[in-house]
Amino acid sequence: MQTIKLHSADTHELGCSGCRDNEHQTFNLSFAFQPIVRASTRKVVSYEALARGPEGQGFAFVRDQINSDNLYNFDQTCRVRAIELATRLKINVALNINFTPNAVYRPELCIRTTLAAAQKYGFPVEKIHFEVTESEEIREKTHLVNIIETYKKLGFTTVIDDFGAGFSGLNLLAEFQPDYIKIDRALIDHVDQRPARQAIIQGVILTCRKLNIDILAEGVEREEEYRWLAHEGIDLFQGYYFAYPGFKQLPGVPDELF
């Protein structure tokens, strides 16, 4: 794993024009954090940072502030503020941050703001997990592959979010292999009662095992869903069954849920 040192001044010098042109843009937002757990150890292993309004308003409040002109700056702002708040809350596990591939111009340059924030707040790069949602249409698949490969080389963990609900499905895994995928809630919902969903998830599990990709089941809301998925060998979980997102806090997960 590379140890990267970067001074904050380098961000402006090496950033692209998209970064400099939007530096004045500010956003009225904060974050809620939802735990990700590993069932075999009964421990929280990460928290996903979820953008919220300054008083805890839902993502729609935040989304209304975004347009095509400020998308890049929004993406960068979320990364920095998520790291800052998580550090202030004394997080001692990994941090999952969502990013928008269509807002990344050149990954080797655009990542420097994130690296500078990690250095400033003393947050280890290896504890930053970048999630790209599969439900967002990617303009150029090669661009996404380049982003993922760049992030992996820099020591970040990479994740495909909402897997199974988006544009590319298994074709995306043929192009690149992230560290893990998050199976979408649409496939998780009542999986214990739905043979077709069971078959699809079993197929995804087999594929990911052959590709050495870990699997997380997201959106788990019922104990029966959790039990079925755990029986199939999935070990990472996230969802209301374990904990709701905590606004400006890091929720714990009761041991008796496992």
Side-chain angles (χ1 to χ4, degrees), residues 31-52 56-63 78 82 93-100 129-137 157-170 172-173 178-208 213-247 249-254 256-258:
F31 287 90
F33 297 88
Q34 188 173 32
I36 293 170
V37 300
R38 187 171 290 280
S40 59
T41 61
R42 301 188 178 188
K43 300 291 186 182
V44 174
V45 295
S46 185
Y47 285 94
E48 180 180 358
L50 302 165
R52 296 289 185 265
Q57 300 98 317
F59 182 69
F61 178 92
V62 179
R63 186 175 57 234
C78 283
V93 293
L95 175 66
N96 281 47
I97 299 175
N98 294 280
F99 80 92
T100 304
H129 296 187
F130 275 120
E131 296 190 19
V132 54
T133 178
E134 197 220 349
S135 59
E136 178 186 1
E137 185 173 14
T157 294
T158 57
V159 187
I160 295 179
D161 193 11
D162 301 326
F163 187 84
F167 289 86
S168 302
L170 292 173
L172 203 55
L173 295 187
D179 293 290
Y180 67 91
I181 66 168
K182 300 174 78 171
I183 299 179
D184 187 70
R185 167 66 189 167
L187 289 174
I188 300 297
D189 186 24
H190 285 81
V191 66
D192 54 297
Q193 303 172 10
R194 305 291 179 87
R197 293 178 188 177
Q198 292 174 9
I200 293 170
I201 290 177
Q202 287 167 338
V204 171
I205 292 172
L206 179 59
T207 299
C208 287
I213 299 171
D214 210 346
I215 299 175
L216 182 149
E218 66 175 340
V220 177
E221 298 183 359
R222 301 166 52 251
E223 180 178 1
E224 293 84 358
E225 294 165 354
Y226 161 62
R227 299 294 176 194
W228 187 90
L229 293 161
H231 181 267
E232 294 299 313
I234 294 178
D235 200 26
L236 292 172
F237 295 91
Q238 180 181 7
Y240 293 165
Y241 171 71
F242 296 97
Y244 282 79
F247 181 62
Q249 58 182 293
L250 304 174
V253 176
E256 60 267 20
L257 293 178
F258 296 96

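Here the structure is a predicted model, which means the values were calculated and not measured.
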Looking only at non-hydrogen atoms, find the nearest pair between L50 and P245 and report the distance.
CD1-CG, 3.7 Å
Output the distance between atom NE2 (H190) and atom CD (Q198), rounded to the nearest 0.5 Å.
12.5 Å
Taken to the nearest 0.5 Å, the spacing of I188 CD1 from I234 CD1 works out to 6.0 Å
Can you tell me how the ring of Y180 sits relative to the ring of H129, calling it parallel under 30°, perpendicular over 60° and tilted otherwise?
perpendicular
So does D179 get a backbone contact from the side chain of T158, meaning a donor-acceptor N/O pair under 3.5 Å?
yes
Spacing of SG belonging to C208 relative to CD1 belonging to I160, to within rounding of 0.5 Å:
8.5 Å
Test V45 against every option in I36, D235, V93 by the side chain to side chain contact (heavy atoms under 4.5 Å, CB included) rule and name the one that passes.
I36
To the nearest 0.5 angstrom, please state how far the CD atom of E225 sits from the OH atom of Y241.
10.5 Å
What do you reckon, is CZ of F59 surrounded by more than 12 foreign heavy atoms closer than 6.0 Å?
yes
pair R185-E221: side-chain heavy atoms closer than 4.5 Å
yes
Sub-4.5 Å side-chain heavy-atom contact between D161 and E218:
yes
Stepwise, does the side-chain contact (heavy atoms from CB on, under 4.5 Å) test hold for F99 with E131?
CA-CA 6 Å; F99 80 92; E131 296 190 19; 5.8 Å; no
On the 0 to 90° scale, with breaks at 30° and 60°, tag the F33-Y47 ring pair as parallel, tilted or perpendicular.
perpendicular
What's the shortest heavy-atom distance between F31 and A82, and which atoms?
CE1-N, 3.6 Å
CD1 of I213 to CG of L173, rounded to nearest 0.5 Å, is 4.5 Å
Quick check for you: to the nearest 0.5 Å, what is the distance between F258 atom CZ and T41 atom OG1?
7.5 Å
Is the shortest side-chain heavy-atom distance between D192 and R222 below 4.5 Å?
yes
Is the backbone N or O of L257 less than 3.5 Å from a side-chain atom of E223, with the two atoms forming a donor-acceptor pair by type?
no
Is there a side-chain contact between E48 and N98 (heavy atoms, below 4.5 Å)?
yes
Ignoring hydrogens and angles, tell me if any N or O in the side chain of R194 forms a donor-acceptor pair with the backbone of D189 under 3.5 Å.
no
Which is it for I205 and E232 under the side-chain contact (heavy atoms from CB on, under 4.5 Å) test, yes or no, and what are the steps along the way?
CA-CA 8 Å; I205 292 172; E232 294 299 313; 3.9 Å; yes
Measuring only between side-chain heavy atoms, which start at C-beta, is T157 closer than 4.5 Å to P178?
no
Partners meeting ring pair (Phe, Tyr, Trp, His ring centres under 6.0 Å) with F247 (sequence neighbours left out)
none
From CA spacing to verdict: side-chain contact (heavy atoms from CB on, under 4.5 Å), V204, L187
CA-CA 11 Å; V204 171; L187 289 174; 5.6 Å; no
What closest approach, in Å, do S46 and L95 show between heavy atoms, and which atom pair accounts for it?
OG-N, 3.6 Å
The test is side-chain contact (heavy atoms from CB on, under 4.5 Å); show your working for F242 and Q34 and say whether it passes.
CA-CA 9 Å; F242 296 97; Q34 188 173 32; over 6 Å; no
If you compare all heavy atoms of V253 against all heavy atoms of A243, which two are closest, and at what distance to 0.1 Å?
CG2-CB, 4.4 Å
